[in-house]
Amino acid sequence: MAIHTSLVQVEAEVVKYTLSVQQADLLRQVAAAPGALTIAPNRSNTVWALRQRGLIQQSGQAAVVTSDGRYFLKHGKHPKEVQAEKDRLAGDAERAARAPADGAELISRLWATAYGQLTVPDPGPQTRGRW
């Protein structure tokens, strides 16, 4: 018996913490400045993206790096991204135990859904293995 892969979807939680090359360059420049760095107006989109991620604070045209920004530069990841991954993996063994034990149980769950489609939030490795 085959299960059509479009019937079971595994969704990854979309959290935008990655930086473009321009954003990473500007973050490094702001962090390297001895005080607040004056940002050129033509970089307003890049500044906005860094502010939205909480990596810099801006007052007028001057920007300073935040503690999250320093963490990002040191570790290459946003602290909220690291925490989200820890939260996602917490209790993975318990969630894996609730995943279908075999194909028959999976098919039963699919038939029980309103539209014959089952969505699974981005599971940890043990849970993913069971699905």
Side-chain angles (χ1 to χ4, degrees):
M1 178 180 299
I3 298 172
H4 194 278
T5 56
S6 67
L7 296 177
V8 178
Q9 296 179 356
V10 176
E11 292 183 343
E13 184 176 324
V14 178
V15 179
K16 180 80 170 162
Y17 290 118
T18 58
L19 299 182
S20 69
V21 172
Q22 296 84 1
Q23 293 163 353
D25 287 344
L26 183 57
L27 180 60
R28 282 191 286 277
Q29 290 173 17
V30 172
L37 181 69
T38 302
I39 308 293
N42 66 341
R43 300 192 82 183
S44 62
N45 288 342
T46 305
V47 169
W48 178 86
L50 294 174
R51 272 196 346 257
Q52 292 301 306
R53 291 168 176 84
L55 301 176
I56 65 170
Q57 288 181 334
Q58 184 182 19
S59 178
Q61 294 298 322
V64 294
V65 71
T66 63
S67 59
D68 285 352
R70 284 188 291 279
Y71 183 95
F72 191 97
L73 288 170
K74 183 176 181 180
H75 301 283
K77 289 188 173 191
H78 195 287
K80 289 182 181 176
E81 182 181 15
V82 172
Q83 186 59 49
E85 181 66 8
K86 286 179 184 176
D87 293 345
R88 185 179 76 84
L89 295 176
D92 184 35
E94 180 184 323
R95 282 192 291 279
R98 293 191 310 263
D102 56 26
E105 184 179 349
L106 175 58
I107 290 171
S108 173
R109 288 189 188 188
L110 286 170
W111 280 109
T113 64
Y115 299 104
Q117 184 173 356
L118 187 62
T119 302
V120 180
D122 189 19
Q126 292 177 4
T127 306
R128 184 178 297 276
R130 287 285 302 264
W131 279 102

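Computed from a prediction, not measured in an experiment: that's the story for all the values here. Both backbone and side-chain heavy atoms feed into the values below; hydrogens, waters and symmetry mates do not. Note that the numbering runs from 1 along the sequence shown for the chain.
- Across Ala93 and Gln126, no two heavy atoms sit closer than the pair CA-OE1, 3.0 Å.
- Heavy-atom neighbours of Gln57 CD from other residues, nucleotides or ligands within 6.0 Å: at or below the threshold of 12.
- Distance check, rounded to the nearest 0.5 Å: CG of Leu27 to OG of Ser20 gives 10.5 Å.
- No single ILVMFWY cluster, assembled from side-chain heavy atoms under 4.5 Å apart, contains both Leu50 and Val64.
- Note: Leu26 CG to Asn45 CG = 11.5 Å, rounded to the nearest 0.5 Å.
- Remark: side-chain polar atoms of Gln58 are paired, donor with acceptor, to backbone N or O of Gly60 under 3.5 angstrom.
- One finds the CG atom of Leu55 at 5.5 Å from the OG1 atom of Thr66 (value rounded to the nearest 0.5 Å).
- Expressed to the nearest 0.5 Å, how far OH of Tyr17 lies from NZ of Lys77 amounts to 13.0 Å.
- Of all non-hydrogen atoms in Asp68 and Gly54, the two that sit nearest each other are CB-O, 3.6 Å.
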Take Ile39 and Val30 through the test side-chain contact (heavy atoms from CB on, under 4.5 Å) and record every step on the way to the result.
-> CA-CA 9 Å; Ile39 308 293; Val30 172; 4.1 Å; yes
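- For the atom pair CD of Glu81 and CZ of Arg53, the computed distance is 10.5 Å after rounding to the nearest 0.5 Å.
- Between Gln29 and Arg43, the closest heavy-atom pair is OE1-NH1, 3.2 Å.
- Residues Val65 and Leu37 share a hydrophobic cluster, clusters being chains of Ile/Leu/Val/Met/Phe/Trp/Tyr side chains in contact below 4.5 Å.
- Proximity of a side-chain donor or acceptor of His78 to a complementary backbone N or O of Lys80 within less than 3.5 Å is detected.
- Between Thr46 and Gln22 the shortest heavy-atom distance is CG2-O, 3.8 Å.
- For the pair Ser59 (side chain) and Ala62 (backbone), a donor-acceptor distance under 3.5 Å is absent.
- Among all heavy-atom pairs drawn from Gln61 and Ala40, the shortest one is OE1-C, 4.4 Å.
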